[in-house]
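Please read the structure below before turning to the comments.
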Number of protein chains: 2
Amino acid sequence: MSAGKEDQILRSELEVLRDYLRRHGMRFTPEREAICREVFARHDHFTVDELYLDLRRKRRISRASLYRTIPILIAAGLISEVFTDSGQTRYEHTYGHEHHCHLLCLECGRVVEFAEPSLKQVEQRVAREHGFVVRGHRLEVHGLCPRCQGKEKEGRGRRREKKKT
Amino acid sequence: MSAGKEDQILRSELEVLRDYLRRHGMRFTPEREAICREVFARHDHFTVDELYLDLRRKRRISRASLYRTIPILIAAGLISEVFTDSGQTRYEHTYGHEHHCHLLCLECGRVVEFAEPSLKQVEQRVAREHGFVVRGHRLEVHGLCPRCQGKEKEGRGRRREKKKT
DNA sequence: GTAATTGCAAACCGTTTGCAAACCG
DNA sequence: CGGTTTGCAAACGGTTTGCAATTAC
C-alpha cells in the first residue's frame, strides 16, 4: 500500500481523499468527508453496518452512500478490507500505519495484530518470479486463542449469528 | 492443516471422509461421496455454484446438500476456503497437497500459486508470542499480472459480474 | 447550469433453513 | 425402525442499483 513511507510528511487523510477525488473528477461531499472522518476516528475492524450505525447518530446518511464510498477510500489507499467475518467484510484504516498481519481465533473471532517485516521480501521475490507488480498482501494466521483451547467444539467453526436488529 | 505429512501413507480422501463421518455419528451418503469425488476431480479454485453445475450434469443433487457438505469437508481437513472473489467464496482441495499461497491479480482475477516455507516459522513465532495454537494460515499477495499492467483502470477493482443464468 | 451525488426502496444473489419424504445403519 | 439427510422452496441478510431530488463546482 502507499502508506508507511517514512521520512516524508504525511498528509491528512482528508487531504488524500480530496486529492484523489479531484484527480478523478469526483466531488468532495460532506457525506464523503464524514465517512472518512468516522473511519479514522475508530481503531477497530469495522463492518459497513457498524460504521453506518455510528455515523447515523451524528448526521443523516444512508447505507448506500457508505457502500458507494468504501471502494473509493480503498482505491485512495486510505482503508483496506481485512477479512470476512460471518459473511460481513471488515475494514480498517491503513493510511499512515505500518502494515501488519492478523492472527485470528477460529473459535471466538478474537483478532491480534502483529508485524512481519519479512513479508516484504516474500512479496518482492514472488512478484519478480511471475512478472507481477505488487500492491500489497494479506496474511492471516488461524488458530485457537488461549481462552478457546480445550473447549474446542470439534465442529464447523462459528456459525453466523443472527442480526441483533 | 493435517495434510502434507511426509513419510506416512496417505489415505484416500474418501476414506478420510468416511472416517470423519463415522467418528461424528454422521452418515456416509451417496451425495456426500459424489461431492467429495467431484471436489478432488477438479484442480481449480471453485465456487459452490460451479461445483453444483458440474455435479448436476452427473446426478441429482441440490444446492442445499452442497452448502451443507462443504463445512464438513473443511472440518475433515479435505478442502479449504481460499479467497473471496466478487462476493463468492472459492475453495480448493488441500488434503494431500503441500500448503501454498496465492498471488492474485487485482485487475483480471488471475491466480498464481506459490510455496513459501518460511511461513511455518512465522506461524510458530506468532503463536508462541500470543499463546495461540496454530491451525493454518492464508497469505494472499495482491498485484497486477503482466497482462494487466498499464491498462490499469485506476479504479475500484473488478465489479461483481452478473450471473450468467 | 449541469453533471455528480444522495437517499430511498426495491432488486439481487449467495447462503441458510423449515419441513416432509427418503434413506443409512 | 429411528434418527439423519435430502430436495425443495421460502427466508435471510449483506450489497447493489434505478431513479428523482439535491448539490458541488
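The model shown is predicted, which means the values in this text are computed figures rather than measured ones. Here is how names work: the chains are called A, B, and so on, in the same order as the sequence lines, proteins then strands, and each is numbered from 1.
Between A/Tyr20 and A/His24, the two ring planes are parallel [angle under 30°; tilted spans 30° to 60°].
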inquiry  = Dot-bracket for DNA chain C, please. Rules: Watson-Crick or G-U, both distances under 3.5 Å, ( ) within the strand, [ ] when a pair crosses earlier ones, | for another strand, . otherwise.
reply    = |||||||||||||||||||||||||
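With sequence neighbours excluded, no residue forms a salt bridge (Lys or Arg N to Asp or Glu O under 4.0 Å) with A/Arg27. When the salt bridge (Lys or Arg N to Asp or Glu O under 4.0 Å) test is applied to B/Glu116, the partners found at least two apart in sequence or on another chain are A/Arg125.
With rounding to whole Å, A/Asp49 atom CG is found 11 Å from D/dT15 atom C1'. Residue A/Arg60 contributes atom CZ, which lies 11 Å from atom C1' of D/dA21 at whole-angstrom precision. For the pair A/Asp85 CG and D/dG14 P, the computed distance is 11 Å after rounding to whole Å. Rounded to whole angstrom, the span from the CZ atom of B/Arg59 across to the P atom of D/dT5 amounts to 16 Å. A/Arg22 places its CZ atom 16 Å from the P atom of D/dA24, with the value rounded to the nearest Å. B/Arg63 places its CZ atom 9 Å from the C1' atom of C/dG14, with the value rounded to the nearest Å.
Looking at B/Glu50 and B/Arg90, a side-chain N of the basic residue comes within less than 4.0 Å of a carboxylate O on the acidic one, giving a salt bridge.
To the nearest 0.5 Å, the span separating CZ on A/Arg63 from CZ on A/Arg68 amounts to 13.5 Å. How far CZ of B/Phe132 is from CZ of A/Arg147: 9.0 Å, rounded to the nearest 0.5 Å. Separation of atoms NZ (B/Lys58) and CZ (B/Arg37) is listed at 10.5 Å; rounding is to 0.5 Å.
Among the atoms of the strands shown, none is found under 4.0 Å from any heavy atom of B/Thr47.
A heavy atom lying under 4.0 Å from DNA chain D marks none of the residues of residues 34-43 of chain A.
Here ring-ring contact (aromatic ring centres under 6.0 Å, His included) pairs that include residues 109-128 of chain B, with residues two or more places apart or in two chains, number zero.
Results of the side chain to side chain contact (heavy atoms under 4.5 Å, CB included) test with A/Tyr91 over A/Val48, A/Leu78, A/Thr47, A/Val39 single out A/Val48 as the only residue that passes.
Checking A/Ser80 against A/Thr94 by side-chain atom types alone, a donor-acceptor pair falls below 3.5 Å.
Panel note: side chain B/Arg56, backbone B/Ser62; no donor-acceptor pair is recorded below 3.5 Å.
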Reading 5' to 3' through nucleotides 19-25 of chain C, protein heavy-atom contacts under 4.0 Å coded B for base, S for sugar-phosphate only, - for none = ----BBS
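The phosphate of D/dT5 has neither OP1 nor OP2 within less than 4.0 Å of any side-chain N or O from B/Ser65. Between B/Ser62 and D/dT6 there is no side-chain polar atom (N or O) within less than 4.0 angstrom of OP1 or OP2. For the OP1/OP2 pair of C/dT15 and a distance below 4.0 Å, the side-chain nitrogens and oxygens of B/Thr89 include at least one atom meeting the criterion.
For the pair B/Tyr52 and A/Tyr67, both in contact range of DNA chain D, the more 5′-proximal nearest nucleotide belongs to B/Tyr52.
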